Amino acid sequence: MKKKYNPYPIWLTFPSIFFIAAFYLFPIVLGIGLAFTSWSFHNLEMEFIGLENFRSVLKDPDFFVSVQHTLRYAVVILVLRNVFAMILALGMNRKMRSTNFLRTVYFLPSVLSYVVVGIMFIAMLRMSGMVNQLLSAIVGMQVEIPWIDSPKMSLISVMMLDLWVWSGFHGVLLLNGLQTIDESYYEAAKIDGANSWKTFTRITLPLMIPSIRMSFVLTMIGALRVFEQCMVLTYGGPGNSSMTVNMYVYRLFGLGFYSKSSAVETMLAIVIFTLTFIITKLFQKKEMEVS
């Protein structure tokens, strides 16, 4: 007997499809389209101008300053966040009574509002803040480092905020991968006389590649799109010393250059998609070698 076609499950997907199309796909397509127009606060007519916005942005020195800061930020965060996350994951993987409590403590900063975190760090990093007081107690003399107000230290301060917020989240992510490794591998390594370093490099790291890949991709995307951290802590300053690409987009949009800001976001999206594809392929190749 022929089974009767039931369209009811398909109808249930329509609200989700509408939501995704209206609030995700349509804005993306609209944003890309705006990048090729002359729309701005000063010119409300949407005239097609081709690649003129892209040429104009690439001639702006501030754009290259923001790119330089973003790349520097991304490289440092990509390394340090994953190193700290791995250390936390290895520590939490030990059999302790406080393991579940520590997971909650390390994960908690990632769910806090950036406004709250920004206020905390502004209080801690000011001249008379807790960080300078702690350093003064350690070295035995007065330390007054202008963490936020110095052009040389402002971007470092933003990195410190980012590492505090997200290292614990990525530590929990890597811990999940660490706990999927069969204990028999470690027992065999112990019988063979392998030390802790060889066990970590020959067993733990290779078998954690899927989790490390996810952590690397999330870190890279977040670092290249960094905005809230700068906004709440330094507002891109002093001057342009901590201005990232998304802060540059924010300033363009605030000045009424809507199509130019869309052009910059389009370029950033292309870079992120390209790097994500490359990193994914590299890690997949490593996974095939391990398997």
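Note that these values count all heavy atoms, side chains included, but never hydrogens, waters or copies made by symmetry. Since the model is a prediction, treat every value here as computed from it, not as a measurement.
V116 and M130 fall within the same hydrophobic cluster, defined by Ile, Leu, Val, Met, Phe, Trp and Tyr side-chain heavy atoms under 4.5 Å apart, directly or through other members. Taking hydrophobic clusters as Ile, Leu, Val, Met, Phe, Trp and Tyr residues chained together by side-chain heavy-atom distances below 4.5 Å, V75 does not share a cluster with V271. Criterion: ILVMFWY side-chain heavy atoms under 4.5 Å apart, direct or through other members. Under it, F23 and I28 are not part of a common hydrophobic cluster. Linking ILVMFWY side-chain heavy atoms closer than 4.5 Å, directly or via other members, places M214 and L282 in two distinct hydrophobic clusters. Residues L174 and M220 are members of one and the same hydrophobic cluster, defined by side-chain heavy-atom contacts under 4.5 angstrom among Ile, Leu, Val, Met, Phe, Trp and Tyr.
Of the residues listed (L233, T234, N132), the one engaging W147 in a side-chain contact (heavy atoms from CB on, under 4.5 Å) is N132, and it is the only one.
Taking 4.5 Å as the limit, some side-chain heavy atom of L90 sits within range of a side-chain heavy atom of F200. With contacts defined as side-chain heavy-atom distances shorter than 4.5 Å, the pair E265/N246 qualifies. Taking the side chain as every heavy atom from C-beta outward, K286 and R213 never approach each other to under 4.5 Å. Here the side chains of V117 and V232 are not in contact, with every heavy-atom distance at 4.5 Å or above. Annotation: side chain of M92 is not in contact with side chain of L178 (no heavy-atom distance under 4.5 Å). Residues M267 and V57 are in side-chain contact: their nearest non-hydrogen atoms beyond the backbone lie under 4.5 Å apart. Here the side chains of M160 and L125 are in contact, with some heavy-atom distance below 4.5 Å.
The backbone N or O of S38 sits nowhere less than 3.5 Å from a side-chain atom of N53 that would complete a donor-acceptor pair. In this structure, the side chain of D192 does not engage the main chain of A194 through any donor-acceptor pair within 3.5 Å. Judged by distance alone, with hydrogens and angles left aside, the side-chain atoms of S136 form a donor-acceptor pair with the main-chain N or O of V143 at under 3.5 Å. Using modelled atom types, one side-chain atom of S242 and one backbone atom of G237 make a donor-acceptor pair closer than 3.5 Å. At least one donor-acceptor pair under 3.5 Å links the side chain of N82 to the backbone N or O of L78. Of the possible donor and acceptor atoms, one in the side chain of T70 sits under 3.5 Å from a partner among the backbone N and O of V245. Side chain of T274 to backbone of I270: a donor-acceptor contact under 3.5 angstrom is found. Within the 3.5 Å criterion, the main-chain N or O of G236 finds no donor-acceptor partner in the side chain of H69. Under a 3.5 Å cut-off, the side chain of T199 and the backbone N or O of K190 do not form any donor-acceptor pair.
Y250 and Y235 have perpendicular rings, their planes meeting at more than 60° on a 0 to 90° scale where under 30° would count as parallel. Ring pair H170/W166 is perpendicular by interplanar angle, where above 60° counts as perpendicular and below 30° as parallel.
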(request) Run the numbers on F227 and T244 for side chain to side chain contact (heavy atoms under 4.5 Å, CB included), then give the verdict. (result) CA-CA 7 Å; F227 173 72; T244 59; 5.5 Å; no
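Taking the salt bridge (Lys or Arg N to Asp or Glu O under 4.0 Å) definition, one finds that R225 meets it with nothing, sequence neighbours left out.
The pair R55-E52 meets the salt-bridge criterion, since a charged nitrogen lies less than 4.0 angstrom from a carboxylate oxygen.
Atom CE of M46 sits about 14.5 Å away from atom CZ of F36, to the nearest 0.5 Å.
Listed by first and then second residue, the ring pair (Phe, Tyr, Trp, His ring centres under 6.0 Å) pairs involving residues 109-144 are F121-W164 (not counting sequence neighbours).
Y258 approaches F41 most closely through the heavy-atom pair CE1-N, 3.5 Å.
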